[in-house]
*Asks:* 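Below you will find the structure I want to go over with you.
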Amino acid sequence: LGLASLAASLRAAGDARIDIVDAKFERLSYDAVADRVRAFAPDVVGLTAFTNEIKPAAAVATAVKAISKSIVTVIGGVHASVLPERTLAEFPSFDLAVVGEGDESFPRLVAKLAG
């Protein structure tokens with residue numbers, strides 16, 4: 001539901017094209033996620049992770065950066081909210097972190113990046 005809520009917030013904030021990839025639910029490999037990202041060609045990729053998921057999320061961000069270094073990778077979720085500076089320092093494949101609930105801040109961030 002968190003991904004759907006973020007997508008709804010992004011849609012309400014503007015005319016961004018949005019694709020949701022729930023890799024855990026769809027049981028996608030890193031390669032399959034990379035294929036979806038490559039096909040969609042986004043400017044921004046948002047990821048979310050609990051602490052036990054931060055390394056796989058960083059692996060996805062690394063795969064995204066391998067597709068294009070210009071794609072902005074944003075990490076959110078519990079781990080990044082509790083340890084934002086450490087998360088960005090430890091995992092350089094994340095460009096930015098969203099702290100707390102992303103429903104308001106992530107659409108604002110995307111709008112700033114677009115501008």
*Asks:* Considering the options D43, V37, D95, which one meets the side chain to side chain contact (heavy atoms under 4.5 Å, CB included) requirement together with I71?
*Replies:* V37
*Asks:* I'd like to know if E90 pairs up with K55 as an ion pair, taking the criterion as any Lys NZ or Arg NE/NH1/NH2 lying under 4.0 Å from an Asp or Glu carboxylate oxygen.
*Replies:* no
*Asks:* Does the side chain of I75 come within less than 4.5 Å of V98's, by heavy atoms?
*Replies:* no
*Asks:* Which heavy-atom pair separates L10 from P107 by the least distance, and what is that distance?
*Replies:* CD2-CA, 3.7 Å
*Asks:* Working to the nearest 0.5 angstrom, can you tell me the gap between T87 OG1 and L96 CG?
*Replies:* 12.5 Å
*Asks:* Counting distance only, does the side-chain N/O of T73 pair as donor-acceptor with the main-chain N or O of S93 below 3.5 Å?
*Replies:* yes
*Asks:* Quick check: do V74 and V45 have side-chain heavy atoms less than 4.5 Å from each other?
*Replies:* no
*Asks:* On a heavy-atom basis, which atom in V72 and which in K65 lie closest, and how many Å separate them?
*Replies:* CA-NZ, 4.3 Å
*Asks:* Return the NE2 to CG distance between H79 and N52, rounded to the nearest 0.5 Å.
*Replies:* 10.5 Å
*Asks:* Answer with yes or no whether the hydrophobic clustering places L3 together with V21; edges join I, L, V, M, F, W, Y residues whose side-chain heavy atoms lie under 4.5 Å apart.
*Replies:* no
*Asks:* Honestly curious: do V44 and F91 fall in one hydrophobic cluster under the side-chain, below-4.5 Å linking rule?
*Replies:* no
*Asks:* Just how far is it from atom OG of S9 to atom CD1 of I18, taken to the nearest 0.5 Å?
*Replies:* 9.0 Å
*Asks:* Is it true that atom CG of D22 has more than 12 heavy atoms of other residues, nucleotides or ligands lying nearer than 6.0 Å?
*Replies:* yes
*Asks:* Between the side chain of R17 and the main-chain N/O of F40, is any donor-acceptor distance below 3.5 Å?
*Replies:* yes
*Asks:* For a quick test of reading the model, state the closest non-hydrogen atom pair linking I67 to A34 and the distance between them.
*Replies:* CD1-O, 3.3 Å
*Asks:* Should the heavy atoms of other residues, nucleotides or ligands under 6.0 Å from CZ of R86 be counted, would the total exceed 12?
*Replies:* no
*Asks:* Hydrophobic clusters here meaning ILVMFWY residues chained together by side-chain heavy-atom distances under 4.5 Å, can you tell me if F106 and V99 are in one?
*Replies:* no
*Asks:* Taking all heavy atoms of R36 and all of I20, pick out the closest pair and write down the distance.
*Replies:* NH2-O, 3.4 Å
*Asks:* Side chain to side chain contact (heavy atoms under 4.5 Å, CB included) between F94 and I54: does it pass, once the steps are laid out?
*Replies:* CA-CA 11 Å; F94 299 134; I54 196 66; 3.9 Å; yes
*Asks:* I'd like to know whether CD of E26 has more than 12 heavy-atom contacts from other residues, nucleotides or ligands below 6.0 angstrom.
*Replies:* yes
*Asks:* In this structure, would F50 and L47 fall into the same cluster of hydrophobic residues linked by side-chain contacts under 4.5 Å?
*Replies:* no
*Asks:* Should L6 and L113 be regarded as members of a common hydrophobic cluster, given that ILVMFWY residues are connected when their side-chain heavy atoms come within less than 4.5 Å of each other, either directly or indirectly?
*Replies:* yes
*Asks:* Nearest 0.5 Å please: distance from the NZ atom of K112 over to the CG atom of L109.
*Replies:* 10.0 Å
*Asks:* Which atoms form the tightest heavy-atom contact between A97 and A80, and what is the distance?
*Replies:* CB-CB, 4.3 Å
